[in-house]
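Below, all heavy atoms of this structure are taken into account, side chains as well, without hydrogens, waters or symmetry copies.
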Amino acid sequence: MAHRFLVKDIAFQAGLSTATVDRVLNGRSGVRHQTMMRVQAAIAELEKQQIGGEVSGRKLAIDVVMETPDRFSTAVRDAFEAEVATFLPTVFRCRFHFAEVMKQAELVQLLDRVRLRGTNGIVLKAPDVPEVTAAVSRATDAGIPVVTLVTDLPNSSRSAYAGADNRAAGETAAYLIGEHFGDAPGRVLVTLSSGRFRGEEEREMGFRRVLRERYPQIGMIEISEGHGTDAATGTLAARAIAADPAINAVYSIGGGNQAVLAAFEAAKRPIRVFVVHDLDADNRALLADRKIGFVLHHDLRTDARSAFRAVMGRSVRGGIAPPALSSLEIVTPYNMPATD
């Protein structure tokens, strides 16, 4: 396996021992295919990070840990990799740990493993549960700054939050849908990936409050625990649509939008207005095809920049970066930003 990196650097990037990496690189037997793929991915990641980074400067390694659908983790990876070059001569080496669904024990074990192995910072998108909060405390007690990404852990010892104001995002969604209906009655299907995420809960609370105060003629039905995946979310949506013939709008907090659309189409039910979050590849295509009406988008590169600055602030100066909220943008088919 051709490469130009030290075994210890590949091992660090892959999250494996140097002995295991050496076995993979030298083609020895007894290595699982999954392990080989991790080593290949680590080398590819190091090659991408080295482009434009052949400079001498402070090197900081950060671990990005996320439980999130693949379409969103891909957008986050692209944002972080794009922002790396803007901090030169400081060089950030990012290690990504993504899973669409992660058991709580596995997530805690991963955070503890990162802490024990060593890192300059952790960027975390995780459920707001006591076990995760305790793992964050162990990391910060060890001097590792933890930055929460897009969904916060406000009762933890995290160093900073990078993301948008989720409550305001939910309020904005309610305004868009309420104004679309005017005085007409409506029923909104609200989809969450999981009630364990503080950010999604805050979006739902903001949405519910504005409907109650300004648009009482519009009701809502909530589905949750589809984890943003098409299969599970589509099944939940189909059940909700079949049970309630009044549902005629969607506010997607947690994703799985293609599956939700398919459920409405299968039931031959119209959607008057469909509001979603994040301008990822799937939503960009759906918006271009007029399958959805509005995307509530915030720039993930701004979030990456905030996370890097928070890590630098703790690692370089010993300070804690204040929270920096990303601005929220309402995207329609007519103002979609160009892809990079």
Side-chain angles (χ1 to χ4, degrees), residues 68-72 100-101 166 169-197 199-297 330-333:
T68 194
D70 288 342
R71 57 184 167 270
F72 188 67
E100 289 202 308
V101 181
N166 285 303
E171 293 169 345
T172 302
Y175 174 79
L176 291 171
I177 290 174
E179 291 298 305
H180 183 90
F181 275 94
D183 295 329
R187 188 74 57 85
V188 184
L189 179 66
V190 179
T191 70
L192 289 81
S193 70
S194 174
R196 299 174 302 147
F197 290 98
E200 294 195 8
E201 181 184 50
E202 290 175 342
R203 291 174 182 177
E204 188 273 343
M205 290 171 62
F207 184 80
R208 184 185 295 272
R209 185 191 69 79
V210 172
L211 285 191
R212 183 177 62 249
E213 293 181 1
R214 294 181 57 100
Y215 310 102
Q217 79 281 8
I218 299 175
M220 57 178 282
I221 298 295
E222 180 181 308
I223 60 173
S224 184
E225 307 312 315
H227 303 288
T229 61
D230 284 341
T233 304
T235 299
L236 292 170
R239 290 174 183 169
I241 295 166
D244 190 341
I247 294 175
N248 58 355
V250 180
Y251 173 36
S252 172
I253 294 175
N257 301 324
Q258 290 181 328
V260 173
L261 284 165
F264 274 90
E265 290 172 0
K268 295 182 171 53
R269 296 270 293 277
I271 304 174
R272 286 194 55 174
V273 59
F274 198 137
V275 178
V276 310
H277 281 272
D278 305 314
L279 196 61
D280 55 34
D282 284 357
N283 287 339
R284 182 180 286 274
L286 292 175
L287 190 61
D289 291 340
R290 309 299 199 270
K291 296 293 184 66
I292 56 180
F294 303 97
V295 177
L296 300 177
H297 177 65
I330 300 172
V331 183
T332 74

What is the distance from atom CG of Asn248 to atom CZ of Phe274, rounded to the nearest 0.5 Å?
13.0 Å
Rounded to the nearest 0.5 Å, what separation is found between the CG atom of Leu286 and the CD1 atom of Ile292?
5.0 Å
For [X] and [Y], work out which heavy atoms get closest and say how close.
X: Gln217; Y: Asp183; value: CG-O, 3.9 Å
X: Leu296; Y: Ile330; value: CD2-CG1, 4.0 Å
X: Ile247; Y: Arg269; value: O-NH2, 3.2 Å

Evaluation steps, side chain to side chain contact (heavy atoms under 4.5 Å, CB included), between Val250 and Val190
CA-CA 6 Å; Val250 180; Val190 179; over 6 Å; no
Donor-acceptor under 3.5 Å ([X] side chain, [Y] main chain):
X: His297; Y: Asp278; answer: no
X: Glu225; Y: Gly195; answer: yes
X: Arg290; Y: Ala288; answer: yes

Non-hydrogen side-chain atoms of [X] and [Y] separated by less than 4.5 Å:
X: Phe197; Y: Leu192; result: no
X: Phe264; Y: Pro270; result: no
X: Val331; Y: Leu287; result: yes
X: Glu201; Y: Arg196; result: no

Charged N-O contact under 4.0 Å between Arg208 and Glu222
yes
Under 3.5 Å, which donor-acceptor pairs do the side chains of residues 227-245 form with other protein atoms, sequence neighbours left out?
from, atom 1, to, atom 2, distance (Å)
Thr229, OG1, Gly226, O, 2.9
Thr233, OG1, Thr229, O, 2.8
Thr235, OG1, Ala231, O, 3.0
Asp244, OD1, Arg187, NH1, 3.4
Asp244, OD1, Ala246, N, 3.0
Asp244, OD2, Arg187, NH1, 2.5

Check against side chain to side chain contact (heavy atoms under 4.5 Å, CB included), Arg203 and Glu171:
CA-CA 7 Å; Arg203 291 174 182 177; Glu171 293 169 345; over 6 Å; no
Partner of Arg71 under side chain to side chain contact (heavy atoms under 4.5 Å, CB included), chosen from Asp282, Asn283, Asn257:
Asp282
Applying ring pair (Phe, Tyr, Trp, His ring centres under 6.0 Å), name anything that partners Tyr251, two or more places apart in sequence or on another chain.
Phe207, His277
Show the atom names and distances, to 0.1 Å, of all donor-acceptor pairs under 3.5 Å that link a side chain in residues 175-182 to residues at least two apart or in another chain.
from, atom 1, to, atom 2, distance (Å)
Glu179, OE2, Tyr215, OH, 2.6
His180, NE2, Arg272, O, 3.2

Side chains of Glu200 and Ser194: do they bring a donor and an acceptor to under 3.5 Å?
no
